[in-house]
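In what follows, a single structure is set out as C-alpha cells and then discussed.
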Number of protein chains: 2
Amino acid sequence: MVNYSTSEENHIKAIFHLQTHSGNVSTNELARELRTKPASVTDMMKKLRDKKLLHYQPYQGFRLSTEGKKVALGIVRRHRLWEYFLAEKLKFSWEEVHAVAEELEHVSSRKLIDKLDEYLGFPRFDPHGDPIPDTEGRIRYNPQICITALELNLPAQICHVSDQSKELLELLEHKQLRIGTKVEVKKKFDFDQSLELRIKTATKQTASVMISVQLAQNIFVKHV
Amino acid sequence: MVNYSTSEENHIKAIFHLQTHSGNVSTNELARELRTKPASVTDMMKKLRDKKLLHYQPYQGFRLSTEGKKVALGIVRRHRLWEYFLAEKLKFSWEEVHAVAEELEHVSSRKLIDKLDEYLGFPRFDPHGDPIPDTEGRIRYNPQICITALELNLPAQICHVSDQSKELLELLEHKQLRIGTKVEVKKKFDFDQSLELRIKTATKQTASVMISVQLAQNIFVKHV
DNA sequence: AAAATTATTTAGACAAATCTAAAAAATGAG
DNA sequence: CTCATTTTTTAGATTTGTCTAAATAATTTT
C-alpha cells in the first residue's frame, strides 16, 4: 500500500467527485475546484498518470483508473468517518465538520481508520447523508425505504411516490413535498401514526410539515 | 494565532523535550533525535529564530523562547490528547499509540482539540502517564497521592514512604518495592482492602505483588 | 473555413525542506 | 599553547508543489 501526499490526495479526491457528474474532468474545472492554477493541475496530472492513478492524454481531460478510484474511495472513507466522529461524538455542527475532516482525512494509518469505524459502530452515512465506503471501498447504496421506516433525524430525500393520482399529487404540492425534497422525520405520533417532518425547500428554507399515515405510506425516500 | 508547518512543529517539539534534560540543545543532538542531518537543523534553526520561537547564536546551541515554549506545549497537548483517545476509546495498545499521535498532532484546529479534551473528560495524563497541558499550556503536576487512592491501571511511580522503620523497609525490599519503582494498581479487594499491584522492576520485568492495607497506607506515588 | 476566443500545456522561476561536500569554529589532548 | 578532532555552519544542489507568462491546441463565431 503506497502513501500519497496531501496534495496528490486532494487532486484525486476532487477528480473523483467531479467525474461522477460529467464524464472526463477538464483542467480548468479541476483548477477551479482546488483553487489552484491550470498549469499546476497539468503538472500534477502528469505525475498521477505516471503513478497509474489516472488516464490522461494532453487536451483530453482526466479520468481515474481503477487503482485511482480505489485510492479515492479510501480518502472518502476517511473523510466521512471523521465527519461522523466530529458531529456525533464531539458535537460539531454540520457546517463545521467538513473543514476539520479535510485535515484529518490525510492521516494515513489504516488501522486508525478501521478502529475508528468500529468505535463508531460502522456507520453507513456521514452527517450530510453521504454514504461511507467500507474497508474494501464498497459503497453500500441506500435502498429506497418508505418514509414511515425512516429513522428519526436522519437526512433523506424524497425519491419516489407510489401513488401518482391527482389527489395525492395535489396534497404533496400543497405541502411542498416533491421528488428531491430533503426531509427528516422529527417525530412519530403513535396515536394516529402521523409524522412531523422537517423539510428543506428548493429555496433553502426549512419548514415543519405534518403528514398522515395514509400519505406517508406512499412516500419513499433514500438517505441523502 | 500563527500556524507552523509539520517540520517546524517537529523541530520545536524535539527541542522542548531535549531541553528539559540538558540546558541548551546542540545541533548534532537535535539532528540525531529527528533523524536528519546537522546542516538541515542549522537551516531550520535560522528560520525559527527569525520567527522568534527560539534563541540561537551560531555555535551556541538553541533554547526555546517564551513564545516557542507556548507553541511546544500546544503540540504536546495535542499529541497526548490523541494518545489518550487512541488508547482509551479506540483500544490501541500503549506501544501503537505514539506513532499515530505523531501524525494527528499536526492537525491544527484549536476547536477540535478543545472539544476532544471535553469529550475525553479533561484527562490529566496520557496512557504513558505523561501530563497533558491544559488550554493555556499549563501542566498540572502530579501531586503525591497515597497508593490507596490511585485509580486502577494508571501508571505511577513510588516517590515516598511515610514510615521509614526497619520493619517496613524490610518488607518493601522483599516485595521489590523501592523509590522509583513503576507500579499500577490492578485490583482492590474490599474484604481487607489489600491491593494487587503490577510492578516494573529495575530489570524491566513485570511482576504481580499483593500488599496489605497497612503497607499501602505508607506508600505514596505520583503519576509517571 | 478563417479569425477570434478559450483551454491547455510548456518553459522557466520560486519557496520550502532536505541533502552532500567543503569550510570554519570550537574543543580537547598532549 | 598548538595541533588534531569534533562540531557546526556555509555553499550549492535536489525534490515537491506551486506560480506567471508565453506558446500551442481546440473550439466557437462569423
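So you know, we letter chains A, B, ... as the sequences are listed, proteins then strands, and number each from 1. This structure is a prediction, so every number in the text was calculated from the model and none was measured.
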Can you tell me the distance, in whole Å, between the [atom1] atom of [X] and the [atom2] atom of [N]?
X	N	atom1	atom2	result
A:Gln60	D:dA26	CD	P	7 Å
A:Leu48	D:dT16	CG	C1'	13 Å
A:Met45	D:dT18	CE	C1'	14 Å
B:Met44	C:dC19	CE	P	11 Å
A:Arg32	C:dT6	CZ	P	14 Å
B:Arg35	C:dC19	CZ	P	13 Å

Inset, instruction - Going by the side chain to side chain contact (heavy atoms under 4.5 Å, CB included) test, name the single residue among B:Gln57, B:His55, B:Arg63 that passes it with B:Asn24. - result: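 Result: among B:Gln57, B:His55, B:Arg63, B:Arg63 is the only option passing the side chain to side chain contact (heavy atoms under 4.5 Å, CB included) with B:Asn24.
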Looking only at side-chain N and O atoms, does [X] come under 4.0 Å of OP1 or OP2 in [N]?
X	N	value
B:Asn28	D:dT8	yes
B:Ser26	D:dT7	no
B:Ser7	C:dA16	no
B:Ser40	C:dC19	yes

Inset, instruction - Sequence neighbours left out, what pairs pass salt bridge (Lys or Arg N to Asp or Glu O under 4.0 Å) with at least one residue falling in residues 2-14 of chain A? - result: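 Passing the test, one end in residues 2-14 of chain A: A:Glu8-A:Lys47, A:Glu8-A:Lys51, A:Glu9-A:Arg78, A:Lys13-A:Glu102, A:Lys13-A:Glu105.
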Inset, instruction - Report yes or no: do B:Asn10 and B:His106 form a side-chain donor-acceptor pair below 3.5 Å? - result: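 Yes, B:His106 and B:Asn10 have a side-chain donor paired with an acceptor closer than 3.5 Å.
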Check: protein-nucleotides 10-13 of chain C nitrogen or oxygen pairs below 3.5 Å:
unit_1: C:dT10; atom_1: OP2; unit_2: A:Lys46; atom_2: NZ; d: 2.7

Inset, instruction - Just jot down the ring-ring contact (aromatic ring centres under 6.0 Å, His included) partners of A:Tyr56, sequence neighbours excluded, or say none. - result: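 Applying ring-ring contact (aromatic ring centres under 6.0 Å, His included) to A:Tyr56 gives A:Phe62.
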Legend entry - Presence of salt bridge, A:Asp50 and A:Lys46, under 4.0 angstrom: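 The answer is no: the pair does not qualify as a salt bridge.
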Inset, instruction - Kindly point out which of D:dC19, D:dT8, C:dT18 is positioned nearest to the side chain of B:Thr36? - result: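 Closest nucleotide to the B:Thr36 side chain: C:dT18.
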Legend entry - Spatial distance of atom OH (B:Tyr119) from atom CZ (B:Phe85) [nearest 0.5 Å]: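 Going from OH on B:Tyr119 over to CZ on B:Phe85, the span is 6.5 Å.
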